[in-house]
2 protein chains.
Amino acid sequence: MSHILKDVIKNISIDCVIFGFENSVLEVLLVKRAIKPAKERWALPGGFIKKDELIDVAAQRILKETTGLDNIYLEEFKIFDKVDRYPLRRVFTLGHYALVKPEQYVLSTGVDTSEAKWFKLDELPELPFDHLEIIQEAMEKLRARIRYRPIGFELLPEKFTLPQLQTLYEVIIGKKLDKRNFRKKLMKMNLVKKLKEKDKNSTRRPAYLYRFDKRTYEKLKKNGFNFEL
Amino acid sequence: MSHILKDVIKNISIDCVIFGFENSVLEVLLVKRAIKPAKERWALPGGFIKKDELIDVAAQRILKETTGLDNIYLEEFKIFDKVDRYPLRRVFTLGHYALVKPEQYVLSTGVDTSEAKWFKLDELPELPFDHLEIIQEAMEKLRARIRYRPIGFELLPEKFTLPQLQTLYEVIIGKKLDKRNFRKKLMKMNLVKKLKEKDKNSTRRPAYLYRFDKRTYEKLKKNGFNFEL
DNA sequence: AAATAAAAGTGTATTTTTTACACCTAATTA
DNA sequence: TAATTAGGTGTAAAAAATACACTTTTATTT
């Protein structure tokens, strides 16, 4: 977005919590703000909705304009409405989140941002406004939703190993899982297909690579899902 | 609310879908609008948020001012953002729903409404704006949530029978359930307590009355719930 | 007062799902 | 080539979900 407020609705903004997963750690994408308030500070990618723009469209546009991430499916998860959460005036912000594969995207910046960077979830800088709370709430939603939607998969590269997938689940849910039961459950869904190749980056015994079965994936995404662990 | 727009945020409104359950039928509470636009037409209770008011507070206030229902817990379920959903200007509306026991409340009206009345879900009048869509979405959320939250219970009177409770579930979920399995599952939760009394209104063999166990109810409400049927 | 009609109430056997659990295998590195 | 490390695999027991039919209680009708 531009920092000119003429064409936007001044009371409603969008903030994006973009999760990535790399080296077995969850990360969040932050931007360095080039505009006031909180100029020069790291914060969530965000901006205002244009007067005749749908929320979904605005969310995608704002994410692209601030971080360069294009065509990312964002999901709204909560409205933040504290009266003084934004210093200049009353602004409601619509919290959105998305899951992406960090290595697949090149970050860039726009008029409102001077830098975009991944931060590990447990190494976040000090954040302005209520952005820390927004991240925490997003994390909670992610934790809840991963149990009944196949979203974990959007965080992994095209080809991945089962230990990778399991670690992702363990990181999000926050507990260790049984290897055999995890695989059993996964296999019953026909969601993944084993490939002939093995993981080349491994320094020990390499794991087989898998890929998602697109058909099953789309079907599960539509009809819901049950992946209690 | 008052129809004076000075103290409110003009771009964000709240609309309330209030569900009731009577005679085995789901009902929705509508109000006759006393103000433009859509003056004299039945619509959802709704209004604008004040400049320094939290969403929850606004929702309760608006519901009270338009229908007389006081102290009802409302749950936000979706933002409606179509650009032309409201004829006068761009207004986002925050859809809320609640479940109430109709016989427990006396309806009244305020400055903006001239009447408030329960309508059966399949006998709704023509509604202005996107209010029909809002009701349909609320219904869908209700259907989804009843499976893992003890919300069905908020629609029933203090004392209720198991056939009543089962009918409620059947109406919301939209399919017949097995009586024995329904009861078995219910009993395992320790959520209801059998009373010595029987239902006096019955014209056939009367069913035993039950009451919710407050403790278990609060616990399940907090920790979630699994009531797949 | 007896017969009838209508809804309430109750239990078991089968299948499916979930859980707990330990050893062998393949590849790298010392 | 031996040692180390992570990957991979199956089964038995427990718990949960499902399918299913007859008896009981009460009000109403005859």
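Chain letters run A, B, ... following the sequence lines, proteins first, then strands; residues in each count from 1. No experiment lies behind these values; they were computed from the predicted model shown. Heavy-atom basis, side chains included; hydrogens, waters and symmetry copies ignored.
- Contacts of L195(A) classified as side chain to side chain contact (heavy atoms under 4.5 Å, CB included), with partners at least two apart in sequence or in another chain: K159(A), E197(A), L209(A), R211(A).
- Of the side-chain N and O atoms in K188(A), one or more sit less than 4.0 angstrom from OP1 or OP2 of dT18(C).
- Distance CE (M187(A)) to P (dG10(D)): 12 Å, rounded to an integer number of Å.
- Here M189(B) pairs with L186(B), L191(B), L220(B), F225(B), F227(B) under the side chain to side chain contact (heavy atoms under 4.5 Å, CB included) rule; sequence neighbours left out.
- One interatomic measurement links the two molecules: CG of L177(B) to C1' of dA19(D), which rounds to 14 Å at whole-angstrom precision.
- Whole-Å rounding puts the L165(A) CG to dG8(D) P distance at 12 Å.
- By the side chain to side chain contact (heavy atoms under 4.5 Å, CB included) test, T113(A) is found to be paired with V31(A), T66(A), T109(A), residues two or more places apart in sequence or in another chain being considered.
- Here the closest heavy-atom approach between residue W42(B) and residue L30(B) is recorded as CZ3-O, 3.7 Å.
- Listed by chain and residue number, nothing satisfies the side chain to side chain contact (heavy atoms under 4.5 Å, CB included) test with S108(B) (two or more places apart in sequence, or in another chain).
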Encode nucleotides 7-13 of chain C as B, S and - characters from 5' to 3', where the letter depends on protein heavy atoms closer than 4.0 Å: B to the base, S only to sugar-phosphate, - to neither. BBBBBB-
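- For E154(A), the side chain to side chain donor-acceptor pair (under 3.5 Å) partners are Y217(A), not counting sequence neighbours.
- Atom P of nucleotide dG7(D) and atom CD of Q166(A) are separated by 9 Å, given to the nearest angstrom.
- Put simply, CZ on F182(A) is 12 Å from P on dG8(D), counting in whole angstrom units.
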